[in-house]
Amino acid sequence: MKKFITTAAAITFFLGAFYSPANASLIKESSEPTICDGSFLAESAEEALCRFAGSFLDVYLFKPDTATDTIKAPVLYLMGGPGSLVAPQRKRFTALAKSTGRVILVPAVADGLQQLDCHSDNAAEAVWGIAPDPDDAVIYGREQHAEKMARCFGQIQETLSSGVADTLGTDSIAIQLQRLRQDMGIGAWHLFAESYGARVALALAARDTAATLTQTLDSPETPWVEGFWHTGENFHAALKTLSGYCRDHFYCPGKRTRLERDLLKGIANQNAVTGEPVALKDIRTGQIDAYARPTREQLLISSFHALRSPARAAILPYIVASPDHMRERFGLLLDRLLYPGDGLNTGMHHLIRCRELPMQQMYRALEDDKLRHPDMAPFLSYLAWRQDYACRSLGVTPPARFDTPSLPDVPTLVLSGELDPVTPPDVVQAAFATKSKYAMRRYRSLGHVTHAQKACVLKDVISFWDAPKARMARTACGSDDLSLRFYSPVVVR
């Protein structure tokens, strides 16, 4: 088969792309990296990179402009994953600094541990059987995926045996970040965290409460709540919510009343062996970029991933509206397989997950969900199989339980999207319900990591930073901001 792509779209459970700063960074490299200290914070340009002495941490700094008023407390942004790479997302953080008018510091934890990633011999590729010619597209099943993962984890075993990652974990990252604040002479800062980063934020704020002005936890990972593990149930609930939006919207294709049933049944009827290759299309241009023979697993994965972004979630009713052409229409979502995601350090991602999370709890929850939603079984079985494969390959036995973390008594804003199947709002709300200082915002039609989807969410965050003790009676998001633009290829005038 002709090799066509270098990586698949990265979601929480997928292999990520390797990123090399030497090849892609616009920041000048030097033989002696700048040390993270007070002068670095004050004197750096709009975008800069420093090395935290005695640590594997590199830290990116983003300023609104070179004349930034440093009187405003800076913001420490904590990435998700775990293992999300900062370097491929620099444009997003540059925009964030300009939008908020504050200095943004982003620890590049995963970037500094690239020896834990798959970075040679194409081991990080997840080719998915995609090819530029329909005759070359092949079925990409577990056998092919297992081969890729075996090569990946085989590459990082030498690194693990050297002991370089023996202490890597959420608490150790928090300890280093506290030291970072002290070394840089920062008296206090705001914590802004996405997904897994919320666990780091909570650990850091618990250690360094006096220096934590506020926490903003966007789509926080909450593994101490049982519902967090029920991916099938959360996926189904998000589809049901989307179905309700569709039912109430005049322009929704097909006006789906049971999207959570029709989509899953439609996928269950697909057959990768007998079906024709699917054309993967660019949603903006309609151009065919490649061809694939998607399995049921891949169709379910693509649907799950679509719910993380409102622009892609709005395509699902169109796909289901014509059962006879459903497989063909999936090409509008499968195009994501062509392009790399934000980038994930694969070894770091699984090392922290396997060391800290009770995977047996995950496996039991997925088995329960398979009984409730049998049409999801290929996807749920895949998640369990892949995670177990990773933990065994790393030689890590996951813990039996995850204790509820300390919830620091600092002003906290929790953000959640109603379509989020990864960290659903009901689960997130249950995690923080006992804390009076933890205010929650639920956003209609948004998915995972809400502030990256709508500018009005960021306005809510800025208002919170400016007045954390004030009660947020209203949101900056209007009904038009949170309205789904349902996809339809034809507009009748």
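Checking side-chain atoms of Asn234 against main-chain N and O of Gly227 turns up a donor-acceptor pair under 3.5 Å. Remark: the backbone N or O of Val422 is not paired with any side-chain donor or acceptor of Arg308 at under 3.5 angstrom. Looking only at distances, a side-chain donor or acceptor of Ser99 sits under 3.5 Å from a matching main-chain atom of Ala95. A distance-only check finds a donor-acceptor pair linking the side chain of Gln89 to the backbone of Leu85 [under 3.5 Å]. Checked by atom type and distance alone, the side chain of Arg312 pairs as donor or acceptor with a backbone atom of Leu333 at under 3.5 Å. Formation of a donor-acceptor pair under 3.5 Å by the Arg90 side chain with backbone atoms of Glu47 is not found in this model. Formation of a donor-acceptor pair under 3.5 Å by the Thr412 side chain with backbone atoms of Tyr438 is not found in this model. Of the possible polar contacts, none joining the Lys370 side chain to the Ser381 backbone as a donor-acceptor pair under 3.5 Å is found. For Thr159 (side chain) and Gln115 (main-chain N/O), a donor-acceptor pair under 3.5 Å exists by modelled atom type. A donor-acceptor pair is defined here as one N or O able to donate and one able to accept, closer than 3.5 Å; such a pair exists between the side chain of Ser172 and the backbone of Gly169.
Counting heavy atoms from C-beta on, the side chains of Leu316 and Leu263 come closer than 4.5 Å. Ser219 places none of its side-chain heavy atoms less than 4.5 Å from the side chain of Val428. Contact of the Leu105 side chain with the Val75 side chain is not registered, since no non-hydrogen atoms from C-beta on lie closer than 4.5 Å. Residues Leu332 and Ile315 have side chains in contact (heavy-atom distance under 4.5 Å, counting atoms from C-beta outward). A heavy-atom distance below 4.5 Å is not found between the side chains of Trp224 and Asp403. Residues Phe330 and Ser303 are in side-chain contact: their nearest non-hydrogen atoms beyond the backbone lie under 4.5 Å apart.
A salt bridge links Arg199 with Glu221: at least one charged nitrogen is closer than 4.0 Å to a carboxylate oxygen. Checked for salt-bridge contact, Glu194 and Arg92 meet the test: a charged N lies under 4.0 Å from a carboxylate O. Between Asp480 and Arg485 there is a salt bridge, since at least one side-chain N of the basic residue sits less than 4.0 Å from a carboxylate O of the acidic one. No salt bridge links Asp481 with Lys454; every basic N to acidic carboxylate O contact stays at or beyond 4.0 Å. Note on Arg364 versus Glu367: no salt bridge recorded, every NZ/NE/NH1/NH2 to OD/OE distance being 4.0 Å or above. Arg386 and Glu297 are not joined by a salt bridge, as no carboxylate oxygen comes within less than 4.0 angstrom of a charged side-chain nitrogen.
Side chains of Arg353 and Gln387: a donor on one and an acceptor on the other come within 3.5 Å. For the residue pair Tyr196/Thr170, the side-chain donor-acceptor check at 3.5 Å is satisfied.
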Could you list the donor-acceptor pairs under 3.5 angstrom formed between side-chain atoms of residues 462-469 and any protein atom two or more places apart in sequence or on another chain?
{"unit_1": "Ser463", "atom_1": "OG", "unit_2": "Lys459", "atom_2": "O", "d": "3.0"}
{"unit_1": "Trp465", "atom_1": "NE1", "unit_2": "Thr216", "atom_2": "OG1", "d": "3.4"}
{"unit_1": "Asp466", "atom_1": "OD1", "unit_2": "Arg102", "atom_2": "NH2", "d": "3.2"}

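With sequence neighbours left out, Phe486 forms a ring pair (Phe, Tyr, Trp, His ring centres under 6.0 Å) with His249.
Under the side chain to side chain contact (heavy atoms under 4.5 Å, CB included) rule, Asp58 has a single partner from Leu49, Asp111, Val109, which is Leu49.
In this structure, the separation between CD on Glu356 and CG on Asp171 is 7.0 Å, given to the nearest 0.5 Å. In this structure, the separation between CG on Leu446 and CG on Leu307 is 12.5 Å, given to the nearest 0.5 Å. Residue Met376 holds its CE atom at 8.0 Å from CG of Asp369, rounded to the nearest 0.5 Å. One finds the CG atom of Leu415 at 9.5 Å from the OG1 atom of Thr475 (value rounded to the nearest 0.5 Å). Interatomic distance, CG of Leu57 versus CD1 of Ile173, reported as 7.5 Å (0.5 Å rounding). For the atom pair OG of Ser243 and CG of Leu239, the computed distance is 8.5 Å after rounding to the nearest 0.5 Å.
In Lys435, the NZ atom is crowded: over 12 heavy atoms of neighbouring residues, nucleotides or ligands sit closer than 6.0 Å.
Ring centroid separation for the pair Phe192 and His451 comes in under the 6.0 Å cut-off. Two rings, from Tyr77 and Phe93, have their centers less than 6.0 Å apart.
Within the structure, side-chain hydrogen bond (donor to acceptor under 3.5 Å, both in side chains) pairs that include any residue of residues 413-422 comprise Glu418-Arg442, Asp420-Thr423, Asp420-His448 (at least two apart or interchain).
For the pair Gly101 and Lys72, the tightest heavy-atom approach, listed with the atom from each and the gap, is O-CD, 4.0 Å. Taking both residues in full, the closest heavy atoms of Phe432 and Pro220 are given as CE1-CG, 3.8 Å, listed atom of the first, atom of the second, then distance.
Using bins of under 30°, 30° to 60° and over 60° for the plane-to-plane angle, the ring pair Phe379/Phe304 lands in the tilted bin.
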